[in-house]
Number of protein chains: 2
Amino acid sequence: MGVSTADGPTARFDAFVASCPSRRLLETIGDKWASLVIVALGLEGRMRYSELSARIAGVSQKMLTQTLRGLERDGLLTRTVTPSVPVRVDYELTPLGLSLIETLRHLKEWAEAHMAEVDRAREEYDRKNDSAGRS
Amino acid sequence: MGVSTADGPTARFDAFVASCPSRRLLETIGDKWASLVIVALGLEGRMRYSELSARIAGVSQKMLTQTLRGLERDGLLTRTVTPSVPVRVDYELTPLGLSLIETLRHLKEWAEAHMAEVDRAREEYDRKNDSAGRS
DNA sequence: CAGGATCCTCTATGATACTG
DNA sequence: CAGTATCATAGAGGATCCTG
């Protein structure tokens, strides 16, 4: 972030932003693929790599792997390798990951209750700024 | 996203991802500056552009303006211009924006309750993969 | 004071090819 | 099957200059 000296007026900001637990949580679940993986595993329980890849169609192999590694590192899911002939790998939410599902449901509830209002606000905003644009 | 034909196996994915209300909410609050603006306004009530700029130190003027426009468009905050001699602009959360604060508190609670566990998981993960790296 | 308009630079992510 | 490694690129975001 191009901050020159370590101290100064940005120090407080860095602390606020980077170390705040809420901020870090938002960075995790705000990630498109991460949240989709969590939700998928929350619904299906245990899934293989290929199943996740199919369920979350559109994710590239690289992103899926990268996301899974991150979530594993955070202790949100476990990775189980079965050394069969073609190797088999299963992913499953940990209790920690499962507890996060609860929180995601709160988000979902707000979204389902209010996103229609957001849409209306957008339409109105766009209508104003499209027709009566700036002088 | 480089999807060729409109139908096919990716169609369900697109619908799932792009139009899902939860997904869209996550895209809003998952944005670093947007969530910081919402929280700041939630704490302070009404703030001027310059106050926000100071409070959320580190945000560029471009990003702050862009973020505020987006939140205004979504109906989460109002922008009030007072045509005094140097013009004065105030931002304030709408009831819709305020209701979102409630939801953010759930996130905060999970974060404060569980992020320490995430940290421990990370340390353990890193310890394993640093020393006993791959063969 | 509160932005608008530009330019420029990284970073995140996708596509592709290869492997145990 | 479940990845790893590499290359290429769009776009997010910062710095800077300018204005009503």
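All values derive from a computational prediction rather than experimental measurement.
One distance of note links OG of S99(A) with CG of L76(A); it measures 8.0 Å at 0.5 Å rounding. Separating the CG atom in D74(A) from the CZ atom in R120(B) is a distance of 13.0 Å, to the nearest 0.5 Å. Here E72(B) contributes atom CD and R79(B) contributes atom CZ; the two are 6.0 Å apart, rounded to the nearest 0.5 Å. Considering OG1 of T65(B) and OH of Y49(B), their distance stands at 3.0 Å, rounded to 0.5 Å.
A heavy atom closer than 4.0 Å to some atom of DNA chain C occurs in R79(B), P86(B), V87(B), V89(B), Y91(B), these being the qualifying members of residues 78-92 of chain B. Using a 4.0 Å cut-off on heavy atoms, the residues of residues 40-49 of chain A that approach DNA chain D are R48(A), Y49(A), listed by number.
Counting to the nearest Å, the C1' atom of dG4(C) and the CG atom of L64(B) are 14 Å from each other. The CD atom of Q66(B) sits 13 Å away from the C1' atom of dG3(C) (whole-angstrom rounding). dT4(D) atom C1' lies 14 Å from atom CG of L68(A), rounded to whole Å. If you take NZ of K32(A) and P of dT13(C), they are 9 Å apart, rounded to a whole angstrom.
Listed pair S50(B) / dA2(C) meets the phosphate criterion, a side-chain N or O lying under 4.0 Å from OP1 or OP2.
When each of dT6(C), dT4(D), dA15(C) is scored by its nearest atom to the side-chain atoms of K62(B), the top-ranked nucleotide is dT6(C). The nucleotide whose nearest atom lies closest to any side-chain atom of T65(B) is, among dG13(D), dG14(C), dG4(C), dG4(C). Of all nucleotides listed (dA5(C), dT6(D), dG13(D)), dA5(C) comes nearest to the side chain of Q61(B).
Neither side chain, Y91(B) nor T80(B), offers a donor N or O lying under 3.5 Å from an acceptor on the other.
Both L96(A) and I38(A) sit in one connected hydrophobic cluster of ILVMFWY residues. Membership requires side-chain heavy atoms under 4.5 Å apart, directly or through other members. No continuous path of hydrophobic side-chain contacts links L25(B) to Y125(A) [ILVMFWY only; heavy atoms under 4.5 Å].
A salt bridge links R105(A) with E102(A): at least one charged nitrogen is closer than 4.0 Å to a carboxylate oxygen.
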